[in-house]
Structures are given as structure tokens and as C-alpha cells.
Amino acid sequence: MMKVLFMGTPDFARVILDGIVGAAYPVVGVVTQPDKPKGRGNVLTPPPVKVYAEEHGIAVLQPQTLRTEEFENELKKLDPDVIVVAAYGKILPKNVLDYPKYGCINVHGSLLPRYRGAAPIQRAMIEGEKTTGITTMFMEEGLDTGDMIEMYEIAIREDDNFETLHDKLADLGAYAIVSTLGALEKGNIKRHKQDDSKSTYAKKIEKEDCLIHFDAPAKRVNDLIRGTSPFPLSYAFLGGRMIKIVKARIDASPCKGKPGEVTSLEGGLIHVACQEGGIAIETLVPEGKGRMSAKDFINGRKINVGDVFTSEKA
RNA sequence: CGCGGGGUGGAGCAGUUGGUAGCUCGUCGGGCUCAUAACCCGGAGGUCAGGUGGUUCAAGUCCCCUCCCCGCAA
């Protein structure tokens with residue numbers, strides 16, 4: 001079977017790697033981002049792919065950059081027949097792209113050419129798409145622009161959030177890469193050019209992307225909330241304090257109010273008016289506190305009907 | 001030693017210038033109602049994270065130490 005070199009970093013990549021290992025392909029090594037300080041106290045934390053690789057006795061490389069002679073030498077030593085890339089986080093230089101006999105295959109979490117880039121899963125959900133999917137493709141120097149091999153579509157359900165969709169896509173991605181590798185080995189590949197005119201770019205989710213503006217339709221507000229949950233979480237301000245919203249739903253029969261105004265606390269939910277319609281907050285994280293249900297938050301007497309969520313701290 | 005918040009009955013919180021604890025919810029029992037995550041009455045439940053530390057006539061409330069939890073930033 002083809003010798004595989006895997007490049008990836010987060011959980012999404014870990015699941016893909018697990019699929020490849022599960023299909024019994026010899027994984028000659030894993031390239032992942034260097035350990036980074038994380039969390040309280042800035043503890044140095046290894047990326048999920050590294051943890052997985054170590055558990056499975058796979059060699060791990062964590063180069064700061066791939067553009068070195070040193071890495072090229074490593075590449076020759078490992079001598080992969082194919083390189084599989086999933087959410088690695090670095091651009092591959094031409095000499096790496098050209099090395100493997102079967103090429104470099106990328107597993108991307110969207111239906112290309114839409115949502116090229118860093119955060120396809122979140123962006124698709126935030127933009128209110130009804131479907132998304134997985135695309136496998138040959139890599140070239142452009143960002144997610146290479147010829148597509150296989151594509152799998154999946155529905156974005158109303159009760160999905162980033163986490164559930166991410167997990168489904170990761171599983172689907174694992175399935176897709178195994179299928180693609182199998183076809184590649186048999187020479188059963190069809191290349192499909194991307195229609196660049198239809199491409200969109202899913203840029204990384206920044207903090208300011210997570211700020212909730214209640215002067216938007218309820219669906220849009222809710223799509224942002226679920227598309228960023230449970231990470232990094234969308235937020236707004238109430239009484240000068242940041243409130244992150246973990247889970248909400250579109251209010252069936254919202255009372256009218258100004259955007260951001262709390263219209264009711266019925267049912268242990270915080271009902272907030274949007275530009276059109278409203279949402280009912282079910283779970284949230286107050287500044288300096290942990291996650292709690294809206295009911296608990298209300299019981300702590302921290303909110304009243306008429307209070308207003310704003311987009312600015314003051 | 002990145003910044004900050006916090007550990008009080010099952011949950012979320014309050015607790016004033018220190019004088020042995022209160023609110024909302026839940027829970028148990030009873031009542032009311034056509035009915036209700038509604039209302040009324042009553043009850044149970046807390047060594048106030050730990051150090052059997054220090055200050056004090058007196059500490060949840062001030063000082064010191066330890067443990068744990070959480071948010072932010074990266």
C-alpha cells in the first residue's frame with residue numbers, strides 16, 4: 001500500500017488520521033504544528049494530532065517552517081508515496097507539493113469552491129447554509145484551489161452547532177480520504193477543476209466576528225451563536241459585563257421590543273428581541289463565571305425584563 | 001511566575017463599617033384551581049473549600065498559607 005505522510009493539527013485532522021490508520025495504510029510520519037502555550041498559566045500543549053501519533057507509535061515532526069533543507073531531508077528519509085493534509089495550518093512549498101509520486105491530497109471541510117480557507121465549517125453555518133460537506137482535492141500552490149477528486153454533501157440541521165457539525169464532517173472526511181486514497185492507488189481518479197468564479201473565502205474566525213448584533217434578523221443571530229458554539233462562543237454585553245451565549249433558539253412567538261431588549265423570562269429562558277423576531281437564550285457564560293443555564297442565571301437575580309443587550313461594553 | 005473572577009444548604013446568588021446566615025429556584029408535605037415551569041401554607045437541608053492558623057470579647061465578613069473551579073488573553 002501507499003506510504004502516507006500526514007500533515008494536520010487539530011481534532012478535525014486527528015479524526016482524518018485515525019481513518020487512514022484504521023484503513024491500514026502505513027503512516028510513515030506526521031507533521032504538525034509546534035506545541036503552543038495554552039490556557040491558564042500558558043501551559044505548553046501538544047496538538048491533538050501529535051498526541052494521537054505518539055499513542056500509535058508514529059514519528060512526529062513539528063517544524064517551524066517547511067521551507068528548510070532540513071525538512072527536505074526528512075521528507076526524503078520518510079519517502080512517502082502520498083501526503084495527506086487536513087487542517088495543518090501552514091502553506092506547503094512547491095518542493096514538498098511535488099515530492100510524492102501520488103501527489104498531495106487535501107481534505108477540506110466544505111463544498112469547494114465555496115468556503116476555501118481556514119474556517120469553512122463555522123463560516124458555512126454562520127452564513128446560514130443549509131448544506132456543506134467534504135471535498136478531497138489535489139493540492140497546488142494556491143489556497144484550496146486544486147483539482148477536486150471527491151465531494152460529499154451533508155445537511156446542516158437546525159439543531160446542529162459548530163461542534164456537532166464539526167464532528168460529522170470529521171467522520172465524513174475520514175471516510176472520504178480512505179475512499180480517495182483507494183481510488184488513487186488504483187488509478188481511478190477523475191480530476192474536476194474548480195470554478196474560480198464561484199469561490200468564496202472562509203477567513204479565520206476573529207473575536208470581533210463573534211460579537212452579536214441584535215439589530216439583525218433572529219435567524220442570523222442564532223446562526224452566529226450556533227456557528228461559534230462551543231468555541232469560541234459569540235457574545236454581547238449586559239450591564240457592562242460580557243455575556244457569552246452557548247445555546248439559544250429562535251423564539252416561536254417573540255414579544256416586540258427594541259433590538260437587544262429582554263422581553264420576557266418565561267420558561268426559564270431569556271427572550272431577547274432582534275431586528276426581526278427574537279431569540280430565546282438557553283445556556284450562557286457570564287463574564288468571570290462558568291457555563292450555566294439561563295434559568296440559573298435568572299435565579300441569581302441578575303437580569304430583568306427591559307434590560308438591554310448591547311454590542312458595546314459601555 | 002501572562003491578567004482577572006470565585007469557592008456560603010441540590011442549583012444560581014446575597015451577606016452591609018466583623019456580632020454564629022438570607023434570597024430566587026429546586027425538593028418534601030399540605031391546600032387552592034377547569035388548568036398552569038401559576039398561586040397559598042408548612043418542612044427538610046449549611047462544620048460558610050481546607051489549615052482544629054493569626055487578629056479579636058466576637059469572623060462567612062480582616063491577615064497569612066494550601067487546595068480546587070472558572071473567565072480573559074495568547
Side-chain angles (χ1 to χ4, degrees), chain A residues 8-14 32-51 62-65 87-91 117-119 121-122 159 161-163 166 202-213 224-255 260 262-273 278-314:
Chain A
T9 303
D11 279 315
F12 181 80
R14 195 203 72 238
T32 190
Q33 296 274 6
D35 295 4
K36 283 180 181 163
K38 272 194 144 184
R40 233 167 282 128
N42 291 328
V43 180
L44 207 57
T45 307
V49 163
K50 178 182 181 180
V51 175
Q62 297 178 280
Q64 207 60 245
T65 169
Y88 172 46
K90 287 188 192 300
I91 305 291
I121 304 174
Q122 294 97 317
D159 57 357
N161 64 11
F162 168 54
E163 183 174 46
H166 167 280
K203 71 176 197 298
K204 187 180 162 194
I205 304 290
E206 303 288 351
K207 175 102 178 165
E208 62 171 44
D209 296 326
C210 300
L211 179 59
I212 297 172
H213 296 282
L224 174 62
I225 290 169
R226 65 203 191 100
T228 54
S229 178
F231 283 109
L233 290 180
S234 55
Y235 63 97
F237 295 94
L238 183 68
R241 305 197 129 220
M242 179 190 285
I243 304 288
K244 294 195 162 193
I245 301 178
V246 177
K247 190 172 191 300
R249 61 169 184 247
I250 293 178
D251 224 325
S253 55
C255 306
V262 176
T263 57
S264 150
L265 298 174
E266 269 176 54
L269 301 177
I270 301 169
H271 300 264
V272 185
I279 61 165
I281 299 170
E282 300 175 15
T283 313
L284 48 77
V285 180
E287 180 176 333
K289 290 287 188 177
R291 160 183 314 209
M292 67 179 72
S293 66
K295 190 174 183 182
D296 284 342
F297 187 76
I298 294 165
N299 278 337
R301 298 179 151 202
K302 286 181 160 180
I303 187 168
N304 293 295
V305 171
D307 288 349
V308 179
F309 282 92
T310 61
S311 300
E312 287 173 20
K313 188 164 183 118

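A, B, ... follow the sequence lines: proteins, then strands. Residue 1 opens every chain. Side-chain atoms are counted along with the backbone in the values below, which use heavy atoms only and exclude waters and symmetry mates.
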Find the distance A/L238:CG to B/G71:P and express it as a whole number of Å.
19 Å
Whole-Å P distance, B/G71 and B/G10
23 Å
Note, A/D11 side chain near A/H166 side chain (heavy atom, < 4.5 Å):
yes
NA contact type, A/K295, heavy-atom cut-off 4.0 Å: base, sugar-phosphate, or nothing?
sugar-phosphate
Side chain to side chain donor-acceptor pair (under 3.5 Å) pairs touching residues 228-242 of chain A, sequence neighbours excluded, are none
Between A/M292 (CE) and B/G12 (P), how many Å, whole number?
7 Å
Between N or O atoms, less than 3.5 Å apart, protein on one side and nucleotides 7-11 of chain B on the other: list the pairs.
unit_1: B/A11; atom_1: O2'; unit_2: A/D296; atom_2: OD1; d: 3.0
unit_1: B/A11; atom_1: O2'; unit_2: A/D296; atom_2: OD2; d: 2.7

Keeping A/T45 on the side-chain end and A/P37 on the backbone end, is there a donor-acceptor pair under 3.5 Å?
no
Within the modelled atom types, does a donor on one side and an acceptor on the other bring the side chain of A/R40 and the base of B/G71 under 3.5 Å apart?
yes
Here the distance between atom P of B/U24 and atom CD of A/E266, to the nearest Å, is 20 Å
Between P on B/A37 and CD1 on A/I270, what's the gap in Å once rounded to a whole number?
20 Å
C1' atoms of B/G19 and B/U56, separation to the nearest Å:
11 Å
B/A44 versus B/C57 - spacing of their P atoms, nearest Å
36 Å
Paired with B/U36 by Watson-Crick or G-U wobble geometry, both distances under 3.5 Å: which nucleotide is it?
none
May I ask which nucleotide in the shown strands pairs with B/A44, Watson-Crick or G-U wobble, both distances under 3.5 Å?
none
Quickly work out the A/L269 CG to B/A37 C1' distance and round it to whole Å.
10 Å
Within the side chain of A/K90, is there an N or O that forms a donor-acceptor pair under 3.5 Å with the backbone of A/Q64?
yes
No-hydrogen, no-angle side-chain donor-acceptor test under 3.5 Å, A/T263 and A/H271:
no
Among A/I298, A/I245, A/L238, which residue meets the side-chain contact (heavy atoms from CB on, under 4.5 Å) test with A/I270?
A/I298
Please tell me which of A/G290 and A/G268 maps to the more 5' nucleotide of RNA chain B, matching each residue to the nucleotide holding its nearest heavy atom.
A/G268
Watson-Crick or G-U counterpart of B/G4, or none if no pair lies under 3.5 Å
B/C70
Which value, rounded to the nearest 0.5 Å, describes the distance between A/I225 atom CD1 and A/I212 atom CD1?
4.5 Å
Check every atom of B/A74, B/G71, B/C13 against the side chain of A/K38 and return the nucleotide holding the closest atom.
B/A74
Could you work out the separation of B/C32 and B/C41 based on their C1' atoms and round it to a whole Å?
11 Å
Inter-nucleotide C1' distance (B/G54, B/C65), Å rounded
11 Å
Rounded off to whole Å, could you give me the CD1-to-C1' distance for the A/I243 and B/G12 pair?
13 Å
Sidechain-backbone polar pair: A/Q62 side chain, A/Q33 backbone, donor-acceptor under 3.5 Å
yes
Value in whole Å for how far the C1' atom of B/G12 lies from CG of A/L265:
14 Å
In whole Å, what separates the C1' atom of B/G60 from that of B/G15?
8 Å
G-U wobble or Watson-Crick pairing nucleotide for B/U16 (cut-off 3.5 Å, both distances):
none
Under the criterion side-chain contact (heavy atoms from CB on, under 4.5 Å), I'd like the reasoning laid out for A/L233 against A/F162: C-alpha separation, chi angles, the key distance, then a yes or no.
CA-CA 10 Å; A/L233 290 180; A/F162 168 54; over 6 Å; no
Counterpart base for B/A21, defined by Watson-Crick or G-U wobble contacts under 3.5 Å:
none
Given the C1' atoms of B/G51 and B/U17, what is the spacing between them in whole Å?
28 Å
Same-atom distance (C1') from B/A21 to B/G45, integer angstrom:
14 Å
Nearest-Å distance for atom pair CZ/C1', residues A/R291 and B/G12:
16 Å
